[in-house]
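The structure appears below as C-alpha cells.
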Amino acid sequence: SSDRDSGEGDGEGDAAQSGGTLVFGAAGDPAMFDPAFASDGETFRIARQIHEGLLTNEPGTTELVPALAEDWEVSEDGLEYTFNLREDVQFHDGTDFNAEAVCFNFDRWHNFTGLAQSPSATYYYQAVFGGFADSENPGIYEGCEATDENTAVVSFNQVTSKIPAALSLPAFSIQSPTALQEYDADNLSGSEDAITYTEYALEHPTGTGPFKFESWDRGNGEVTIVRNEDYWGEPAKLDEIIFRTIPEGNTRRQELQAGTIDGYDFVSPADYQTLEDDGFQVLVRDPFNILYLGFNGGNVEGTQANPALQDPRVRQAIAHAIDRETIVNSLLPEGSEVATNFMPPSVDGWADDVPTYEYDPERARQLLEEAGAAGTTLRFYYPTDVSRPYLPDPAAMFQVIAEDLREVGLNIEPVALQWNPDYLQAVQAGQADIHLLGWTGDYNDAYNFIGTFFAEDQNNQASAEFGAFSAPEIFAALAQADAAPDPSDRTDLYQEANRLIKEFLPAVPISHSPPALVVAENVQGLEPSPLTAEDFSTVTLQD
Amino acid sequence: MTAVPIAGQDDLLRVEDLKVHFPIRKGIFFDRTVGHVQAVDGVSLTVPRGATYGLVGESGCGKSTLGRAILRLEEPTSGRVLFDGTDVAALKGEPLRQMRQRMQMVFQDPLGSLDPRQNVESLLSEPLRAHGLAGGKAGIAEKIRGLLDAVGLPSAALRRYPHEFSGGQRQRIGIARAVALEPDLLIADEPVSALDVSVQAQVLNLLEELQERLGLTYLIIAHDLAVVRHISDVVGVMYLGSLVEQAPADDLYEQPLHPYTRALMSAVPVPDPEIEEQRERILLAGDLPSPADPPSGCRFHTRCPWRQETRCDDEVPVLRELGPGRLVSCHWAEEIRDGALRPRSPEEVLHAGAASRPGSGAHPRDDDPTPFLGRDEPLPRQEQG
Amino acid sequence: MLRFIVRRLFQLVPILLGLSVLLFAWLRALPGGPAQAALGERATPEAIAQYNELFGLDEPLIVQYFRFLGRAITLDFGTSTQYGRPVTEVFLERFPGTIELTLLAMVFAIGVGIPLGYLAARRHGSFLDSASVVGSLIGVAIPVFFLAYLLRLLFAVELGWLPGSGRQDVRIDATRITNFYVLDGLLTREWDAAWDALLHLILPAIALGTIPLAIIVRITRASVLDVVNEDYVRTANAKGLAMATVRRRHIVRNALLPVSTTIGLQTGLLLSGAVLTETVFAFGGVGLTLRDAITYRDFAILQGFILMLAIVYVLVNLLVDISYGLLDPRVRVR
Amino acid sequence: MTALGDYKRERIDELAARAGQLPEGDAGLSLTRSAVRRLRRDPVAITGAVIVLVFLVVAAFAPLLAPRDPVTQYLLSEIRPGLIPGSQEGFPLGADNLGRDLLSRLIYGSRQSLLIGVVSTVLGLVVGMTLGVLAGAFGGWVDTLVMRFVDIILSIPGLLMAITVSVLLGQNQYALMIAIAVVQVPIFARLLRGSMLVQRGSDYAVAARALGVRKSRIVFGHVLPNSLSPVIVQATLSLATAIIEAAALSYLGLGDPDIARPEWGAMLANAQDFLSIRPALAVWPALCIIVVALGFTLLGERLREALDPKFRR
Amino acid sequence: MSSLQAPVLEVEDLAVRFTRRGEQPTRAVDGVSFSVAPGETIGLVGESGCGKSVTSLAIMGLLPRRGVEVTGSVRFDGNDLVDAPDHVLRGLRGADMGMVFQDPLSSLNPTVPIGTQVTEVLLEHREMSKAEAQDEAVRLLDKVGIPDPGRRLKEYPHQLSGGMRQRALIAMALACSPRLLIADEPTTALDVTIQAQILELLRELVVDAGTALVMITHDLGVVAGLCDRVHVMYAGKIIETADRRDLFARPRQPYTGGLLASVPRLDSARGAPLTPIRGSARDAIPWSEGCAFAPRCDNAQDDCLTEVSGSTVPLVPDGPGRELRCRHPLEHPAAPSGATAHGAAR
Ligand SMILES: Nc1ncnc2c1ncn2[C@@H]1O[C@H](COP(=O)(O)OP(=O)(O)OP(=O)(O)O)[C@@H](O)[C@H]1O
Ligand SMILES: Nc1ncnc2c1ncn2[C@@H]1O[C@H](COP(=O)(O)OP(=O)(O)OP(=O)(O)O)[C@@H](O)[C@H]1O
Ligand SMILES: [Mg+2]
Ligand SMILES: [Mg+2]
Ligand code: NI
C-alpha cells in the first residue's frame, strides 16, 4: 500500500485490522452499481461486495446458504416463501434493514416501468420472474408481505425450480429503500434513445455488504470501494479495493508481473504455469460451465436447418469425430473435463447414463457414409476477439475441431465473426451449420443450463440456434421439471431430460473447464467460486 | 531572306480589341472575384498572310497570354480573333480542334513542351494521327522523315527521347512537330530565349528557312528586341497588356516613337564597345506595375521620362496612326519625336510619380500568386494505434 | 487572416454534412444492432424489437437522421447506449487523455526525429545516416501491439521504471478538473499526481510516436538534403556567415517547412484515434472508446465521436496551415 | 581554308558523341527504362529488390521449400496449456500452439501475406486512381465533389474505417483486403489528382491541346502516364503498410476466418496469447513482416528518387 | 585599360573535377588562369555549361567538399585560398570578396526578411550593434536604388520585384565594401530595362569604390559595355583573352567569331544574315583528344586533334595583351577600326 493510504488510515487505531488496498484488474468497465439493472460479470463482481441478497452461495461452492435471510420456509404448494431476516443489519446509509425493505425491493422490481422494463436493464428479473405488474404476462410474482419486523413472506402464482436458487444472484440484492427513493433509482428514462442511469446507480448505490461504494473514476477506469466498518458480520480485512479496467489479457499479466495490480480475472490457460513459476497464485475455480458444438439440425417443416444435419446419423458422426480427450488435454486448462451432459456434474439432474458418443473416427466415417453425407460442406461459425470461461481460445478450438471433422471427410467452411453482437446474432438466428457456444451457470439449477438451451420457447421458431426442432418429450420433461415442487421429482425429470437431449443430439457437449483468477503471492483468503462470485471481504494482504 | 511586302495583302490573322482578364478570387463563403489581372487589355493587330509579326515587351506584360488567347488555349474575356475570316474566339469543340490544324505553336521551354515519355517518332506522328493526315503507317513514316530533314535532325533521332537532346535540338523537334500539320500560322512564344546564342541563331535561321519553304505566317513573341527585329516584318511593342507601338521593323529601329520603345531600345546592349560607349541610355525608373492594378491614364506614365503634367495621368492614349504603318499610343509622340520635350532622369520620374500617386511606381508585381497552401500533395496516411 | 479562418471553418460545413450522411448510412448497414449488443447472448427477437422501439431505432432511417442532425447542431449527439451518458460528456472525459497522449507522442517524435533526421542529412552517406533510415523503417514496420508488449516487458516488468498501463496510478486519488491529468495535477498542486500522470504517458507515447517519428526522420533528412543545395544557402555562405548562423537561419528554418506540415498531419491523425495503442495500454482515450463503440454498435458514440474528431482534424489542419503561414512568409495571407 | 577531311570528321563525331553527357548505353532508353537502369546501379535499391525477390521466390515455391504441411497438427497431443514444444528433430523452429510446424507456416505464410499486400494495394490503387483521374481530368465540380468525398473519408480514423468495412462485409480474406484497400484509396486519389493538376498545366499538355489532340488522348496518353510516378512509389510503400495493417486487423479479430491458413499478421496476432511461454511464435512472423516491409520501402524510396524529374537529364 | 596596381585576385591553373560516385568524373574547369586588379572589370564569357559558374564558386570556395577536386591556386591578396581552412574563407567572404548570383529569387532566403539578410552580413564582419547595422542596411538599400528602404527591410523576398531582389543581393554583396565582386550572370533573369539599371549600378560601383569586378555572362553585349578585359571560355578552358576593344574588333578564336556572328544586332541592317556556329556545346570533345571546339569549327584541320599534332592545344600569347588557344585562328586585315567583327568572321 502507498504512503498516502497509511497516512490516512492510521487515525482509527485499528491498525491490526487495517489491511491496505487491493488492486484488481478487471477486463471491462462496470455498467453501474445498481445490480437490479445489471447482467454482466464486471458489474456483478463489484455489486457482490457492496450488496447482499436474501441468499447466497457457500464460498467456493454452488451450495445455497442464507445471507440476509437467516433461514426460509416454503409452503407445501411451493408458492409461498417465508424469509426470517437477520437482525441488526444496517444499510450503508445507516437505515435499518428489515422486512419492509425486503418487500420494497421485490415490489420495486415488479413495478418497473418504461425503460426499466427493457431487457437490457432487467434481464435477470425477466428471466426468473417472467414479467412486470403492467405487462401482458405479469409473471410469477404475486406479492410480498412484511409480517413483522424481521419476517417477509413472498408469494408466487406458479412454481419454478429457479426459486429460491436465483435469489442468490446479485440482481436480487436488497438495497436501501431510503436511498433508492432519495436518488430516484427507478427513473431510467433520462433520454429517449438510450438508458441514462440514475444518480443512485452511478453514485449512491446503498447496500448492506462488507464494502461501501467510494468512487468511480471513469476516465481512468477505476472503481474504489472501502470497508464497511458497521458490517453486521465479520468486517472486511481490506481497507479498500480498487477495480481497474485493463481490456487486454497480456497487459493484465504484465501489470501483475510489474506489481501494479494484485490480481486479475480471465487468466489465459497458457499463462497458468508461467504465473505460478513467477510465484503468483493461480486460483482455479471449479468448472461450472459447458462448451458445446451446436448443430443447425432442426426437424420440423419449414426449418432453415441444414438438410444434412437433419439426419441424426450425421450429428452422431460429428460427435464421434471429435477427439474431446485431446481437446481437454491440449487446449483447456488443467482440471477441465470432457462433458457428457449439457451441465456440470455438480448440478442436480446430471445423469451418468447418457449416450456418450466416444471418439471413433471410423464409426464417424461409417455413419456419414450411411447417411450419404460424406463430403458435405458445413459452415462452421466461431467467434473472434473473445475469451469465455468455457472457451478460452475460440480460434484454437475451432481449428482443432475443424481438423477432426475434415479427418472424417467433411468439408469445413470457416466463418469468423466478432463475438458481440455479430456472432451471437448470427448463431442464434440459425445462420450457422455448426457453431461453438457455451454457458456459465448463474446459480445451481439445471434449468439454468438445459432449460436455457432446449426449452420449447427457445426452439420453436424457424430460425433458432439449433434450427426449429420438435422434441415434445424433451420440452415436456423440461417444463415438468421446472414446475415440480418436489426437489427429488425434479432431479429425476432433469435426468430424463438429459438422456433425451443426448439421444436427440441437437448439439455435442464438449467440455467443462475451470476458469481461473490470479493473485499475487501476498494475497490470502480469496476463495475462487465456481459462479465467479468471489467474496473479497475475507482477503488479507501479507507483507 | 525575302523582304515581304506589307501593303495590299489579305490578312490571315486579325485580332480585334482582345481582352484576357484573369479573375482574382477571394471570399468567405464562395470565391468572390475581387478584381482582375488585366493580362491583355484591348489589343488589336493584324498579321498579313506570309508575314512575320514580332511582339516584344517586358516580362509579364501579357505577350504569352495574347499568343495563347489567339490559339484559344486561354479563354478570351472579350474581343474577336479572326483567323482567315473565322472567329476563333467563338469556336468550340470539334470545329476548334480542326481549326488547330491550321494554327500552331512553338514553346519557350523546348523540354517542357515535349512529353518526356514520347520518343521523337511518336511526338511527330501524334499531330498527324490526331488529324488523320498523311495516310497510313508508311505515309506517316515518310512524312516524319521529311520533317526531320527539314529541321536538320538525323533520322537516328527517331528512337530517342527528348531528354537525350541538346536544347537547340529539342527546339527543332518542337518546330518540326508544329509544322507537321502544315499550318498557315505559327505562333512562337519565346522560341529562342532558353537557348545559347549560337544555337539561337541556328533556330532563327531555321524559322526563316521554313517560312520561305512552307509559306508560313509567323507571330513571334520575344522579349529580346534584337531577335524580334531581326526576323519580323512588323513589330508590336506591348506594355502592361496593351500595344503601345507598332511599326515596320526597320522604321521602328530608325525612329521609335513611343517613350517606352525608346527606353527599351536604348537598354539593349550591343556587342560593340565603340557603340556601347556612345550609346545614349534612357534608364527607366522602377519596375513594371502590377497588371491587377494598372496605373490610370497612360499606363506608362509612372515610369515615363517624358511624362507631362497634363493628359498622361488621366487620359488613356489611343493607338493612332502616325505615318504609314506606324501606330503609337502616346499623347506626346510628335513632340517627343521632334525633340520638343526633354526626358527626365529616373530619380526625377520616381519623385514625380511618388508625388502624384504614392507608391505606384514601385508596385511589386503580383505575378506569383502563391495560393495559401493549396495542399494537393497527398496526405501521408498510415494507421495509428 | 480572420477572413481566412472563418472561410475555412465554413468549408467544414459541407464536409461535416457529407460525413454525417455517410456515417449514418454506413453504421446502420452494419449487421447486428445495438439491441443485440446490449441484450447479449440469449436475447429473444421480441426482446430486440422491444428494445428498438424503446430507443426509437425502429423509425425510418431518414427520420432518425434528421432527428440526429437537429440535435447535433447544438452539439447534442444523443446518449450512448453503452454508457448511458450523453456522448458529449463521454467525449469531454475521454478526449483530454488522447490529447495528452498525442502531444507527448509528437514531442517524442519531433524531439527525436528532427535532430536525428538533421544529423543523418549532415552526415549523408555515413553509418549514422543509414542506421537512422533503416531504424525508422523498422519503426514503421513493427506492429504497435507487439511494440507495446516489448516496451512494457522492458520498462515496466523487467526494469520497473515506468507504469505500463492506465492514465494514473490507482493509489493516487487526484482531483479531476479538466480531465487533462497532468494539467489537473499542476492546477491542484498535487505534484505527485501530475508527475505520475506524466509517467503513465511515456510508454504509450513512445509506442504511438514511433510511426510519426519514422516519418519525421525521413522528411527532415530529405528536406535538409534539399535545402543544403538551395541557392540561398550558397548565398549565405558567400556572405561569409558563421556556419552556425547558416545552419540555424538558412538551413534548418527552411528545412522545417515541409516537416511542419507533416507534423500537423500526423498530429491530426493521432488525435483521431490511436485505437490500438489505447487498447493495449488500457488508456482511457477516444481510441479505446471508439473500439468499444464499434463492438457494441453504440451508434451515438460512433457518430458523435467521429464527427467531433473530424472537426478536430480540420481544426488541426487549419492550425497547421496558419502556422505554416507564420513560418513561410510566401503563403502568408495578405 | 581546308576543312577537315571526311575521315577526320567522323573521328571527331565519334569523340563528340562519347563526350556527350549521356552514358552510351542510355541512347534511346525511355525514362522508365533509364530509371530502371539507375536503380540497377543503386546498392540500396538492390538490397530492397533482393529482399522482395527472395520472399517472392519463397512464396512461389513454398510447397517445395516447406518441410511439412502447414496445417497438420502434428504435435497436438504433446501440447499442454502452458507448454508448446520448442525446436526439435524435424521441427527446426518448433511447433505452434496447435502442434504445427512453425517453419512451414512461416514459409507458406509468405504467400498469403504477399497476396494480401498485392491485392489490397492493387484494389486501393484502382479505386483511388479512378477517383484521382476523375478529379484530375475533369476538374470543376467533378473535382470538387470527388475531393470533398476523399476529404470526408480522410477525416475518419483509418483503422476504425477498416474495422467497419470488415464488419460490414462479413469476415473473409477478401473483406480484409478491401478493408485495407479502403484506407489507401484517399491517398492514391489525392496523390494522383495533385500530380495530374501539375501535369495538366505543363507545357507539353498545352502543346498537345494546341496540336488538336483529343482531350481523352491528352488525359490518358500524356497527363496520366506522366503523373504516375508518385503513385507507383506510393504503391510500393503501400505493399509494406498493407501487410502491417493486416496484422493489426488480425489482432482485433478481423482477419481471415480460415486461421489455419498461415499468414504472418494472423500468426503474430495469434501468438499474443503465448508470449509468456513461447515468444518465438511472435518473433518470427514479426521479423518476416519487418524484413519484407523494409524491402518494399527501400525499393519504393529509391524508386522515388529514380523517377524524380530532378534526376532526368 | 590595364591597371598598374597589384592584382587583388590571381587565379592560376585552376581546375575543378567532379567525381561523383557512380558517375564518370567530369572536368568542369580545366586550367583557368586570370587576374583582376582594383578598379578593373574583367568578363568571363561563354555558352551555358562552359564552366563559368564553377570557376567563380571555386574562387569563393563555395563548391561542396564531397565529390569535388579543386587544384591550382587562387590567390587573394597573395594568400592562397584553395587549401585555406573554412574559417579563413568565411572571414574573407562577404567582407573582402562579395558575390552576386544569377537568380535573384532563389538566391534569397524566402523565410527571412530582406533586412535581416542584409544586416546579418554586417553583424558578422563588422563590429556593429544591431541598430547601427539597421541604419547601415537602410543606407545600402538606398544606395542600390531601392525606394523606401526602411519599409523594404521588413519585407520578404517574394514581396519584391525581380529588379529589387537583385539590388538587394547586390547590397548584401557590397555591405562590407569588398575589394572583389564576382557577379555571376547578375542580369540574365531580368528584363532589359531592369538589366540596364543594374549594369549602371555596377558600373558606378567600380568607378566610385575601385572594386575589382569579375563579370560572368553569356551576353556579349553586356561585356562590350562593361568590361576592360574579356576571357572567353569553352569547355572548361579559356580559349581567348583580349582587351574589350580588341576582342570585338578582331576576334581570333573561330569560336569567339562565331558567337559574335550569331547575335542578331539591333544596329545592323535587318537583312544581315546570322551565321551560327553549328552544333551545340554538348558536341565538345575532351581537350585531351584535341581542340574541344574542333567538331563545330569551320577552320578545324587535322592538327586540331591531339592524335595528329601530338599535344593539346596550348593557350599562347597572341599579340599585346592577348592570348589565344587555337592552331588556326581567324585572320583579320590590319585592324581597321570600326569594322564589325560580324563581317570579318564570314
Ligand atoms: N492563369 C493565370 N491566372 C492569373 N494570372 C495570370 C495567368 N496567366 C498569366 N497571368 C498574369 O498575366 C500577366 C501576363 O502574363 P504573360 O505570361 O502573358 O506575360 P508575358 O509577357 O508572356 O511574360 P514573360 O515574358 O514572363 O513570359 C502576368 O502578370 C501574369 O501574372
Ligand atoms: N555539382 C556538380 N556536379 C557535377 N557536374 C557539375 C556540377 N556543377 C556543374 N557541373 C558541370 O560543370 C560544367 C560547368 O558548369 P557551370 O555551371 O560552371 O556552367 P556555366 O558556364 O556557369 O553555365 P550557365 O551559363 O548555364 O550558368 C557543366 O557541364 C556542369 O554540368
Ligand atoms: Mg511569356
Ligand atoms: Mg552558370
Ligand atoms: Ni535572315
Side-chain angles (χ1 to χ4, degrees), chain C residues 1 114 119-130 220-221 223-261 320-334, chain E residues 21 53 56-57 59-64 66-67 86-114 116-125 154-159 165 168-169 171-176 178 181-182 184:
Chain C
M1 188 64 165
I114 291 183
L119 280 180
R122 294 291 321 164
R123 315 238 168 99
H124 186 43
S126 72
F127 172 76
L128 179 81
D129 186 17
S130 328
T220 309
R221 176 177 172 275
S223 167
V224 169
L225 284 179
D226 276 353
V227 169
V228 165
N229 289 323
E230 288 285 352
D231 285 352
Y232 54 77
V233 174
R234 194 180 57 186
T235 309
N237 281 320
K239 288 193 283 192
L241 301 182
M243 200 60 219
T245 316
V246 176
R247 279 186 193 152
R248 181 169 43 79
R249 189 174 292 156
H250 297 282
I251 297 179
V252 173
R253 197 180 166 132
N254 286 288
L256 287 187
L257 287 178
V259 181
S260 76
T261 322
V320 172
D321 288 356
I322 292 171
S323 68
Y324 197 90
L326 293 181
L327 283 172
D328 188 348
R330 284 168 295 186
V331 295
R332 222 167 261 177
V333 212
R334 275 156 277 208
Chain E
R21 244 194 306 169
S53 297
S56 62
L57 293 176
I59 294 169
M60 297 287 287
L62 287 174
L63 287 168
R66 200 186 290 266
D86 197 57
H87 70 267
V88 172
L89 284 173
R90 282 187 191 279
L92 287 174
R93 290 200 295 251
D96 295 312
M97 358 191 263
M99 184 153 180
V100 182
F101 295 98
Q102 169 172 3
D103 184 349
L105 182 56
S106 71
S107 297
L108 287 169
N109 187 339
T111 60
V112 175
I114 294 293
T116 313
Q117 298 192 53
V118 177
T119 51
E120 66 181 356
V121 60
L122 293 168
L123 293 171
E124 184 75 38
H125 297 290
K154 292 185 203 71
E155 295 195 336
Y156 290 90
H158 72 277
Q159 293 169 298
R165 290 171 194 151
L169 267 176
M172 287 171 213
L174 297 183
C176 302
L181 181 67
I182 302 179
D184 186 359

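Below, all heavy atoms of this structure are taken into account, side chains as well, without hydrogens, waters or symmetry copies. Lettering of chains follows the sequences in order, A, B, ..., and the numbering in each one begins at 1.
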Which atoms of [X] come close to chain C, meaning under 4.5 Å heavy atom to heavy atom: side chain ones, backbone ones, both, or neither?
X: E:Leu123; result: neither
X: E:Leu169; result: side chain
X: E:Glu155; result: neither

Practice prompt. Please assess E:Leu108 against C:Thr235 for the test side-chain contact (heavy atoms from CB on, under 4.5 Å), listing each intermediate value before the final yes or no.
Written response: CA-CA 7 Å; E:Leu108 287 169; C:Thr235 309; 5.6 Å; no
Practice prompt. Mind ranking E:Met99, E:Met60, E:His125 by heavy-atom pairs under 4.5 Å with chain C and telling me who comes out on top?
Written response: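 Most heavy-atom pairs under 4.5 Å with chain C: E:His125.
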Using atom types as modelled and distance alone, determine if a side-chain donor or acceptor of [X] lies under 3.5 Å from a backbone N or O of [Y].
X: C:Lys239; Y: E:Gln117; answer: yes
X: E:Ser106; Y: C:Asp231; answer: no
X: C:Arg253; Y: E:Thr111; answer: yes

Worksheet entry | Donor-acceptor side-chain pairing of E:Arg90 and C:Asn237 below 3.5 angstrom |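 The answer is yes; a qualifying pair exists.
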Worksheet item: Does the side chain of C:His250 come under 3.5 Å of the side chain of E:Glu120 through a donor N or O and an acceptor N or O?
Response: yes
Item to complete: Kindly give the heavy-atom pair with the smallest separation between C:Ala238 and E:Leu62, and that separation in Å.
Response: CB-CD1, 3.6 Å
Practice prompt. State the CG-CZ distance between E:Leu57 and C:Arg234, to the nearest 0.5 angstrom.
Written response: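 Answer for the CG-CZ pair, E:Leu57 versus C:Arg234, is 5.5 Å.
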Practice prompt. I would like to know whether C:Arg249 and E:Thr116 meet side-chain contact (heavy atoms from CB on, under 4.5 Å); could you show each step before the answer?
Written response: CA-CA 10 Å; C:Arg249 189 174 292 156; E:Thr116 313; 3.7 Å; yes
